[in-house]
Colleague: 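Have a look at the structure that comes next, please.
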Protein chains: 2
Amino acid sequence: MKTPEELVARFREQGYKVTPQRQLIFRLLDGNTAHPTAETLYEVAAKQMPGISLRTVYQTLSELSAMGEVQHIDLGSGAVRFDPNVDDHHHVVCSTCGVVHDVYVNQTPLQFEGDVEGFAVHSTRIVFSGECAHCAHLSA
Amino acid sequence: MKTPEELVARFREQGYKVTPQRQLIFRLLDGNTAHPTAETLYEVAAKQMPGISLRTVYQTLSELSAMGEVQHIDLGSGAVRFDPNVDDHHHVVCSTCGVVHDVYVNQTPLQFEGDVEGFAVHSTRIVFSGECAHCAHLSA
DNA sequence: TGCTAATCAACAAGTCGTGCTAACTAGCAA
DNA sequence: TTGCTAGTTAGCACGACTTGTTGATTAGCA
Ligand SMILES: [Mn+2]
Ligand SMILES: [Mn+2]
Ligand SMILES: [Zn+2]
Ligand SMILES: [Zn+2]
């Protein structure tokens, strides 16, 4: 994702108004590695800006997604998570606490076999599931 | 997944009754590589057994899932898909028509880098997205 | 300053899946 | 064959997540 300042410029270029709500969401996403849901982002936003609506958070996230500034990650466990990291990367998920971390995989274009003659792969998503160090400590 | 005959025995052992509805679902899943949703499975089932309820299809799929006879795959695009193939395998998905095929990946335990000290990986899911041969033909 | 986009509250709706009830059916064990 | 009980069904509701709508108010920006 671009910096909040760059996003402000980008939004103005596109004819979108630069509102305090949008700017707040830019800042909350900047460098955010928590892979938040719209709901959790809204909760954090509401502390700094009581009155902001969940609807607006969803709306702004959709705009950022359409601009390619955030990606949305569906781990199949409830709400979609948003990720300002749009590098080519993958994720590890703790089955116990749900924490999500970025991982970078070497040999990304893997070889595979199957009944997939002529299939053109455009993207690859890998999710590693397991137990994070923190949860391993607690259960030990 | 076990054969329908084996599932009949398995269900009886577990004290589950072997109903025509359950047997039909066993047969429809046997060798099924379509990765159907509960809804699509229901539609096929209803042709052979008008009156079967979607509720029962969901119920039986849950039972099979709990027994480890089918896995459910959430591709993040609508309903969960059910897979009688419980081998360690992955999937390719056509972004255009939504078809899902099995793929087998060598070097399954990939190396990765990231802020994941002490993370114990239990499973890895890979989804390749792109365009299938059929859709490539149509768009050419 | 004024046009218009954006926001808000409030409510609805759509999708996917599950829960519940009440009545009926039927599997299976004795 | 009988009888207990699990299973099925229709019908309705609900919960989570997300988007749509409407109508009033606010405020960005040319
Ligand atoms: Mn990420
Ligand atoms: Mn499969
Ligand atoms: Zn954890
Ligand atoms: Zn296709």
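These numbers were taken from a predicted model, which means no experiment stands behind them.
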Colleague: Are the side chains of B:Val8 and B:Glu5 in contact, using a 4.5 Å heavy-atom criterion?
Modeller: no
Colleague: Among B:Leu29, B:Thr37, B:Thr56, which residue satisfies the side chain to side chain contact (heavy atoms under 4.5 Å, CB included) criterion with B:Leu61?
Modeller: B:Leu29
Colleague: Should the heavy atoms of other residues, nucleotides or ligands under 6.0 Å from NE2 of A:His72 be counted, would the total exceed 12?
Modeller: no
Colleague: Mind telling me whether A:Phe26 and A:Phe11 have parallel, tilted or perpendicular rings, with 30° and 60° as the class edges?
Modeller: perpendicular
Colleague: Protein within reach of the bases, or only the backbone? For nucleotides 17-24 of chain D, mark each nucleotide 5' to 3' as B, S or -, using heavy atoms under 4.0 Å.
Modeller: SSSB----
Colleague: Using distance only, find each side-chain donor-acceptor pair of residues 128-140 of chain B under 3.5 Å and give its atom names and separation, not counting sequence neighbours.
Modeller:
unit_1: B:Ser139; atom_1: OG; unit_2: B:Cys135; atom_2: O; d: 3.3
unit_1: B:Ser139; atom_1: OG; unit_2: B:Ala136; atom_2: O; d: 3.2

Colleague: OP1 or OP2 of D:dG7 versus the side-chain N and O atoms of B:Thr56: is any pair under 4.0 Å?
Modeller: no
Colleague: In this structure, are over 12 heavy atoms from other groups packed under 6.0 Å from A:Glu117 atom CD?
Modeller: no
Colleague: Pull out every residue in residues 9-18 of chain B that has a heavy atom closer than 4.0 Å to any atom of DNA chain D, ordered by number, or say none.
Modeller: B:Tyr16, B:Lys17
Colleague: Given side chains that start at C-beta, do those of B:Glu39 and B:Glu43 come closer than 4.5 Å, heavy atoms only?
Modeller: yes
Colleague: Just how far, in rounded Å, is P of C:dA26 from CZ of B:Arg22?
Modeller: 15 Å
Colleague: Once you round it to whole Å, what is the distance between C1' of D:dT9 and CD1 of B:Ile52?
Modeller: 11 Å
Colleague: Rounded to whole Å, how long is the line connecting atom CE of B:Met49 with atom P of D:dG7?
Modeller: 15 Å
Colleague: Can you see if the side chain of A:Thr19 gets near the phosphate of C:dT7 - specifically, an N or O under 4.0 Å from OP1 or OP2?
Modeller: yes
Colleague: Rounded off to whole Å, could you give me the CG-to-P distance for the A:Leu24 and C:dA6 pair?
Modeller: 17 Å
Colleague: State whether a side-chain donor-acceptor pair under 3.5 Å links B:His91 with B:Asp102.
Modeller: yes
Colleague: Round to a whole Å and report the spacing from CG of B:Asp74 to P of D:dA16.
Modeller: 18 Å
